[in-house]
Amino acid sequence: MRFRESFRQKSRKAAAWLSSHPLSIAVAYAMFYFPMFFYLEHRTVTEYHVIHCALDDALPYCAAFAVPYVSWFLLIPGMLLYFLKREPRCYYELCWLLFGGMTVSLLFYLVFPNCIYLRQPVSGDGLCNQLVLFIRMVDTPTNVCPSIHVASTVAVMTEAGRSERLRPRRWLRCGLWLLGVSICLATVLLDQHSVVDVVCGVALTMVLSNVMELWLQRRSLRDVSPRKPVRRAE
């Protein structure tokens with residue numbers, strides 16, 4: 001009993017500290033994510049599972065989609081900061097969707113190493129082709145399913161749909177959705193991912209979103225449920 005009480009008190013203190021320092025959640029997770037991702041990208045693996053489907057061979061290569069692909073690196077921190085300042089509730093929910101999806105993906109890469117053999121030679125000296133070459137240099141064709149690029153983008157799109165502040169600003173919501181769809185398309189049109197990776201990334205975020213919805217519903221019901229009166233001893 002003492003251990004449980006001590007654990008509850010420490011949990012409440014930790015929750016109170018995090019609520020007063022919300023940015024620390026994203027910073028702390030980044031300190032875990034980047035070293036883990038770097039390790040998985042460069043570890044020695046004897047056998048990778050190749051991800052491929054027939055639709056991959058039918059999709060064209062389009063270097064212009066390098067622009068929305070790279071914009072992902074601005075979208076994720078940008079939306080975290082926006083919700084942190086404007087709508088803290090959405091910030092916490094987005095943290096759950098983003099970091100939950102990233103963690104599940106990293107664990108999946110760890111136990112099920114996978115890769116793609118889709119990358120075609122890049123020809124031309126245009127800006128977009130140079131961006132693609134840079135992307136391929138820093139991002140190996142391993143650890144692709146589920147796609148973190150897609151899962152996190154769908155997380156932003158999902159939370160944008162829940163946002164009260166963004167609801168009246170339809171032009172901004174439409175812009176975010178258009179950018180999100182473009183990023184997801186870019187993952188396959190740049191030969192960075194298989195269609196299978198995209199589907200799994202979308203499914204992962206949808207599962208996490210449903211889990212969050214169920215938890216929020218149970219929490220709201222628990223908060224409004226009347227407490228039973230305590231009988232006084234006669």
Side-chain angles (χ1 to χ4, degrees), residues 14-41 66-109 135 138-139 143 146-187 192-193 197-198 200-216 219:
W17 188 88
L18 288 174
S19 63
S20 59
H21 302 82
L23 187 60
S24 61
I25 299 174
V27 173
Y29 188 80
M31 294 174 65
F32 157 78
Y33 173 80
F34 287 109
M36 187 64 179
F37 183 80
F38 181 82
Y39 163 73
L40 291 173
E41 284 284 284
V67 176
Y69 188 91
V70 173
S71 69
W72 177 87
F73 296 97
L74 298 176
L75 175 68
I76 301 304
M79 291 306 297
L80 280 171
L81 291 174
Y82 173 82
F83 284 132
L84 176 63
K85 295 296 183 181
R86 301 293 185 180
E87 207 166 354
R89 175 187 62 84
C90 288
Y91 169 77
Y92 291 113
E93 293 178 0
L94 183 57
C95 284
W96 160 255
L97 293 178
L98 285 177
F99 305 151
M102 291 176 178
T103 302
V104 171
S105 298
L106 292 177
L107 291 174
F108 192 76
Y109 302 157
I135 292 168
V138 298
D139 188 11
N143 303 321
S147 168
I148 291 178
H149 231 73
V150 171
S152 53
T153 300
V154 175
V156 169
M157 295 165 68
T158 301
E159 206 53 45
R162 288 195 179 104
S163 172
E164 294 292 338
R165 290 187 66 90
L166 292 179
R167 185 165 297 173
R169 303 176 182 178
R170 294 184 179 180
W171 60 271
L172 184 55
R173 290 176 61 188
C174 290
L176 285 172
W177 272 83
L178 181 61
L179 178 59
V181 171
S182 299
I183 292 173
C184 294
L185 286 174
T187 61
Q192 288 294 111
H193 285 278
D197 308 335
V198 174
C200 291
V202 173
L204 174 58
T205 298
M206 290 298 99
V207 170
L208 291 173
S209 179
N210 287 329
V211 170
M212 182 177 69
E213 285 285 352
L214 289 173
W215 182 80
L216 290 173
R219 184 182 177 184

Please table the atom pairs, donor to acceptor, closer than 3.5 Å between any side-chain atom in residues 163-170 and protein atoms at least two apart or in another chain.
| unit_1 | atom_1 | unit_2 | atom_2 | d |
| --- | --- | --- | --- | --- |
| Ser163 | OG | Glu87 | OE1 | 2.5 |
| Ser163 | OG | Arg165 | N | 3.3 |
| Ser163 | OG | Leu166 | N | 3.1 |

What is the distance from atom [atom1] of [X] to atom [atom2] of [Y], rounded to the nearest 0.5 Å?
{"X": "Phe99", "Y": "Phe32", "atom1": "CZ", "atom2": "CZ", "answer": "11.5 Å"}
{"X": "Leu204", "Y": "Ser152", "atom1": "CG", "atom2": "OG", "answer": "10.0 Å"}
{"X": "Cys90", "Y": "Leu84", "atom1": "SG", "atom2": "CG", "answer": "12.0 Å"}
{"X": "Phe108", "Y": "Ile148", "atom1": "CZ", "atom2": "CD1", "answer": "12.0 Å"}
{"X": "Ile76", "Y": "Leu81", "atom1": "CD1", "atom2": "CG", "answer": "11.5 Å"}
{"X": "Leu176", "Y": "Leu75", "atom1": "CG", "atom2": "CG", "answer": "7.0 Å"}

Heavy-atom count around Arg89 CZ within 6.0 Å, excluding the residue itself: above 12? yes
Within a 6.0 Å radius of atom CZ on Phe73, are there more than 12 heavy atoms belonging to other residues, nucleotides or ligands? yes
Which atom names give the shortest non-hydrogen contact between [X] and [Y], and what distance separates them?
{"X": "Tyr69", "Y": "Ala186", "result": "CB-CB, 3.8 Å"}
{"X": "Thr205", "Y": "Ala151", "result": "OG1-O, 2.7 Å"}
{"X": "Pro68", "Y": "Ser182", "result": "CB-CB, 3.8 Å"}

Step-by-step side-chain contact (heavy atoms from CB on, under 4.5 Å) determination, Leu98 to Leu80: CA-CA 10 Å; Leu98 285 177; Leu80 280 171; 3.9 Å; yes
Taking Tyr33 for the side chain and Ala28 for the main chain, is one N or O donor matched with an acceptor at less than 3.5 Å?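 Side chain of Tyr33 to backbone of Ala28: no pair is present.
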Less than 4.5 Å apart, side chain to side chain, heavy atoms only: is that true for Asp197 and Thr187? no
Do Met157 and Val181 come within less than 4.5 Å of each other through their side chains, counting heavy atoms only? yes
Show me the side-chain donor-acceptor pairs of residues 207-214 shorter than 3.5 Å, one per line, residues at least two apart or across chains.
| unit_1 | atom_1 | unit_2 | atom_2 | d |
| --- | --- | --- | --- | --- |
| Ser209 | OG | Arg162 | NH2 | 2.6 |
| Asn210 | ND2 | Met206 | O | 3.2 |
| Glu213 | OE2 | Arg162 | NE | 2.9 |
| Glu213 | OE2 | Arg162 | NH2 | 3.0 |

Would you mind telling me which of Thr153, Val154, Val150 makes a side chain to side chain contact (heavy atoms under 4.5 Å, CB included) with Val198? Val150
